[in-house]
Engineer: 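There's a structure below that I have some questions on.
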Amino acid sequence: MPQKVVIIGSGPAGLTAGIYTSRAKLEPILIEGMQPGGQLTTTNKVENWPGDIEIMGPELMMNIKKQAKHNGCQIISDTVEKVDFSSKPYKIFTKNGKEFEAESVIIATGATHKKLHIPGEEKFWGKGVSVCATCDAPFFKDKEIIVVGGGNSAVYEIYHLANFAKKITVIHILDKLTATDPIKDEVLKNPKVEFIFNSTLTEIKGDDQKVTEVAIQNQKTKETKTLKINGIFIAIGLTPNTDIFKGQIDIDNHGFIVLTKNTKTSKNGIFAAGDVADYRYKQAITAAGLGCMAAIDCQKYLSKK
Ligand SMILES: Cc1cc2nc3c(=O)[nH]c(=O)nc-3n(C[C@H](O)[C@H](O)[C@H](O)COP(=O)(O)OP(=O)(O)OC[C@H]3O[C@@H](n4cnc5c(N)ncnc54)[C@H](O)[C@@H]3O)c2cc1C
């Protein structure tokens, strides 16, 4: 007998879908993937989750997981390697050699922020190294920070951060910003913002608690200098985790799952929620909201069958 619903991913979107589908008696199976709890498990303080003035990311995700399990969602520690959505029931194959059949699927595999892959980045990830100004800008009030990147998402991050930081140094590998968004002009004329072009970060240094310094290399002259700073925002893009769905459902040019209506994908009975289909908001609360919507859409789909 196929499962009524299989959820792929255990971030805010997947686990919220797990809460709703289990409370709707759909007996969901959730495959949690290689990052149980999703992106928020890589950060420290979260201050914008409604109901908690401040909560640590891993604790928040543990609470949501507990709630999903409490309602009967079956959580499986495995990763999906392949799917076959060509005919019903849909088939899901995992790394540990399991195969699931499902009448419907909720995809909540999130996205991965591109990293610099330089010394210090992992050590200070979530401790001064951030990828989300909306999430972390208030932590850098009156501080000196760096933004790495020069595209549209970088200029939005800079614009937002300029309301908080004392000084922003933008490090960009090219000789000018590549952003096309008009907000670029605001950023260029902001006296708080300085630019170092043709350059990359080569190292992030700090003490046990926080970032204190970075090394910057000019790519043309190969000259290296250090800069004392309090934080780094990496804004060089994000890759939706959709490789395994290519050729099975519609995916846009940037790798995001295309939603045809609400949380429906191009294939009947396959729904998507969270950062995997959302290039705009990329927040825990919006991912959770989309997980709820996908669960309700899925419930309606199954009830019509
Ligand atoms: C450092 C950092 C700090 C942040 N701070 C905040 C904040 O303060 N407030 C806020 O609102 N947002 C914050 N965000 C953004 C927020 O974490 C994301 O918007 C949110 O986690 C997206 O949720 P999601 O469920 O869509 O996906 P994710 O959290 O990305 O979870 C994806 C899930 O899919 C699973 N998965 C992926 N591939 C597979 C596969 N093949 N098989 C099975 N499972 C798979 C992973 O294991 C993971 O469990 C932060 C992000 C980062 C990186």
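Only heavy atoms go into these numbers, but all of them, side chains included; no hydrogens, no water, no symmetry mates. Whatever order the structure lists them in is the order used to number ligands and atoms, beginning at 1.
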Engineer: Examine the proximity of ligand 1 to Ile244 and report which part, side chain or backbone, both or neither, has a heavy atom under 4.0 Å away.
Structural biologist: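 The answer is the side chain.
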
Engineer: Tell me, which protein residue and heavy-atom name are nearest atom 39 (C) of ligand 1, and how many Å apart are they?
Structural biologist: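 Nearest protein contact, heavy atoms only, for atom 39 (C) of ligand 1 is Thr109 CG2, 3.6 Å.
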
Engineer: Can you list the ligand 1 atoms lying under 4.0 Å from a non-hydrogen atom of Ala13?
Structural biologist: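 Counting from 1, the qualifying ligand atoms are 25 (O), 26 (O).
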
Engineer: Using a strict cut-off of 4.0 Å, indicate which atoms of ligand 1 neighbour a heavy atom of Ala108.
Structural biologist: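 The atoms of ligand 1 under 4.0 Å from a heavy atom of Ala108 are 32 (C), 33 (C), 34 (O).
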
Engineer: Could you check atom 38 (N) of ligand 1 against the protein and tell me its nearest heavy-atom contact, residue, atom and distance included?
Structural biologist: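 In this structure, atom 38 (N) of ligand 1 has Met34 CE, 3.2 Å as its nearest protein heavy atom.
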
Engineer: Could you find the nearest protein heavy atom to atom 6 (C) of ligand 1 and give me its residue, atom name and distance?
Structural biologist: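 Checking every protein heavy atom, the shortest distance to atom 6 (C) of ligand 1 gives Cys135 SG, 3.0 Å.
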
Engineer: Are Lys115 and Glu121 ion-paired here, with the side-chain N under 4.0 Å from a carboxylate O?
Structural biologist: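 Looking at Lys115 and Glu121, the cut-off is not met.
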
Engineer: Is any NZ, NE, NH1 or NH2 atom of the basic residue among Lys65 and Glu32 found under 4.0 Å from an Asp or Glu carboxylate oxygen of the other?
Structural biologist: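 Glu32 and Lys65: salt-bridged.
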
Engineer: Is it the case that Asp136 and Ser130 place a side-chain donor and acceptor less than 3.5 Å from each other?
Structural biologist: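 A donor-acceptor contact under 3.5 Å links the two side chains.
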
Engineer: Considering Ala17, Gly11, Ala277, Pro12, which one's heavy-atom position lies nearest to atom 23 (O) of ligand 1?
Structural biologist: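 Looking at heavy atoms only, the winner is Pro12.
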
Engineer: Atom 27 (O) of ligand 1: which protein heavy atom is closest, and how many Å away?
Structural biologist: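 Among all protein heavy atoms, the one nearest atom 27 (O) of ligand 1 is Gly110 CA, 3.3 Å.
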
Engineer: At a 4.0 Å threshold, what atoms of ligand 1 neighbour a non-hydrogen atom of Val131?
Structural biologist: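 In order of number, 52 (C), 53 (C).
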
Engineer: Using a strict 4.0 Å cut-off to heavy atoms of Thr79, name the atoms of ligand 1 that fall inside it.
Structural biologist: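 Going through ligand 1 atom by atom, the ones under 4.0 Å from Thr79 are 40 (C), 41 (N), 42 (N).
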
Engineer: Are any of the N/O atoms on Val80, whether in the backbone or the side chain, positioned under 3.5 angstrom from an N/O atom of ligand 1?
Structural biologist: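 The answer is yes, given that Val80 and ligand 1 share an N or O pair closer than 3.5 Å.
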
Engineer: So with a 6.0 Å cut-off around NZ of Lys143, is the heavy-atom count from everything else above 12?
Structural biologist: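 No, NZ of Lys143 has 12 or fewer neighbouring heavy atoms, counting only those of other groups under 6.0 Å.
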
Engineer: Ligand 1 and Asp275, any nitrogen or oxygen pair closer than 3.5 angstrom?
Structural biologist: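 Yes: some nitrogen or oxygen of Asp275 is under 3.5 Å from one in ligand 1.
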
Engineer: Heavy atoms only, cut-off 4.0 Å: how does Leu40 contact ligand 1, side chain, backbone, both, or neither?
Structural biologist: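 For Leu40, the contact with ligand 1 is made by both the backbone and the side chain.
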
Engineer: Taking the cut-offs as 6.0 angstrom to the six-membered ring centre and 45 degrees off its axis, would you call Lys82 and Phe93 a cation-pi pair?
Structural biologist: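 The answer is yes, since Lys82 meets both limits relative to Phe93.
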
Engineer: Which ligand 1 atoms are under 4.0 Å away from a heavy-atom of Ile31?
Structural biologist: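 Ligand 1 atoms under the 4.0 Å threshold to Ile31: 43 (C), 44 (N).
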
Engineer: Look at the rings of Phe245 and Phe85 and say which category their plane angle falls in: under 30° parallel, 30 to 60° tilted, over 60° perpendicular.
Structural biologist: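 Rings of Phe245 and Phe85: parallel, under 30°.
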
Engineer: Are any of the N/O atoms on Thr43, whether in the backbone or the side chain, positioned under 3.5 angstrom from an N/O atom of ligand 1?
Structural biologist: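 It does not: no N or O of Thr43 is found under 3.5 Å from an N or O of ligand 1.
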
Engineer: Nearest protein heavy atom to atom 1 (C) of ligand 1, by residue and atom, and its distance?
Structural biologist: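 Residue, atom and distance for the closest contact: Thr42 OG1, 3.6 Å.
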
Engineer: Quick one: which of Pro240, Gly291, Gly37, Ala284 has a heavy atom closest to atom 12 (N) of ligand 1?
Structural biologist: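 Heavy atom nearest to atom 12 (N) of ligand 1 belongs to Ala284.
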
Engineer: Indicate yes or no: at least one non-hydrogen side-chain atom of Glu213 is less than 4.5 angstrom from one of Ile229.
Structural biologist: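 Answer no - side chains too far apart.
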
Engineer: Is the shortest heavy-atom distance from the side chain of Leu188 to the side chain of Leu177 under 4.5 Å?
Structural biologist: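 Yes, at least one pair of side-chain atoms sits under 4.5 Å.
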
Engineer: Is there a path of hydrophobic side-chain contacts, each under 4.5 Å between heavy atoms, that joins Val155 and Ile236?
Structural biologist: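 Val155 and Ile236: separate clusters.
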
Engineer: Just need the protein heavy atom nearest to atom 44 (N) of ligand 1, so name the residue and atom and give the distance.
Structural biologist: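 Protein heavy atom at minimum distance: Gly33 CA, 3.2 Å.
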
Engineer: With Phe100, which of Val83, Val80, Ile92 fulfils side-chain contact (heavy atoms from CB on, under 4.5 Å)?
Structural biologist: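 It is Ile92; the other options fail the test.
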
Engineer: Grab the two heavy atoms, one from Pro119 and one from Thr202, that are nearest each other, plus how far apart they are.
Structural biologist: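 Smallest heavy-atom distance, with atoms named: CD-O, 3.4 Å.
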
Engineer: Among all protein non-hydrogen atoms, which one is nearest to atom 9 (N) of ligand 1, and what is the separation to 0.1 Å?
Structural biologist: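 Result: Asn48 OD1, 2.8 Å.
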
Engineer: Within the structure, does His113 bring an N/O atom to less than 3.5 angstrom of an N/O atom in ligand 1?
Structural biologist: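 No, since none of the N or O atoms of His113 sits under 3.5 Å from an N or O of ligand 1.
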
Engineer: State yes or no: do Ile232 and Phe164 share one hydrophobic cluster built from I, L, V, M, F, W and Y residues joined by side-chain heavy-atom distances below 4.5 Å, directly or via other members?
Structural biologist: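 Ile232 and Phe164: separate clusters.
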
Engineer: With heavy atoms of Ile8 as the reference, note each atom of ligand 1 found under 4.0 Å away.
Structural biologist: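 It comes down to these atoms of ligand 1: 42 (N), 43 (C), 44 (N).
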
Engineer: Quick check: do Val46 and Met56 have side-chain heavy atoms less than 4.5 Å from each other?
Structural biologist: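 Side chain of Val46 against side chain of Met56, heavy atoms only: no contact under 4.5 Å found.
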
Engineer: Is any side-chain heavy atom of Ile285 closer than 4.5 Å to one of Asn48?
Structural biologist: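 Side-chain contact under 4.5 Å: no.
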
Engineer: Specify the protein heavy atom at minimum distance from atom 29 (O) of ligand 1: its residue, its atom name, and the distance to 0.1 Å.
Structural biologist: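 Result for atom 29 (O) of ligand 1: Gln39 N, 2.9 Å.
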
Engineer: Are side-chain heavy atoms of Gln39 and Asp275 found at a separation under 4.5 Å?
Structural biologist: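 When only atoms from C-beta onward are counted, Asp275 and Gln39 do touch, with a gap below 4.5 Å.
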
Engineer: Below 4.0 Å from any atom of ligand 1, is there a heavy atom belonging to Cys132?
Structural biologist: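 False for this residue.
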
Engineer: Looking only at non-hydrogen atoms, which of Glu32, Lys282, Gln35 approaches atom 15 (C) of ligand 1 most closely?
Structural biologist: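 When every heavy atom of Glu32, Lys282, Gln35 is considered, Lys282 comes closest to atom 15 (C) of ligand 1.
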
Engineer: Below 4.0 angstrom from a heavy atom of Ala287, which ligand 1 atoms are there? Numbered from 1 as shown, please.
Structural biologist: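 Selected atoms, number and element: 22 (C), 23 (O), 24 (P), 26 (O).
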
Engineer: Applying a heavy-atom cut-off of 4.0 Å, say which part of Ala111 lies close to ligand 1: side chain, backbone, both or neither.
Structural biologist: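 Under 4.0 Å from ligand 1, Ala111 contributes backbone atoms alone.
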
Engineer: If the test is salt bridge (charged side-chain N to carboxylate O under 4.0 Å, His left out), which one of Glu103, Glu101, Glu27 qualifies with Lys4?
Structural biologist: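 Of all the options given, the one that passes is Glu27.
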
Engineer: At less than 4.0 angstrom from any non-hydrogen atom of Ser10, what atoms of ligand 1 do you find?
Structural biologist: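 Near Ser10, meaning under 4.0 Å from one of its heavy atoms, ligand 1 has 33 (C), 34 (O), 48 (C), 49 (O).
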
Engineer: When you measure from the heavy atoms of Gly126 to every atom of ligand 1, does any distance fall below 4.0 Å?
Structural biologist: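 Judged by the 4.0 Å heavy-atom criterion, Gly126 does not count as contacting ligand 1.
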
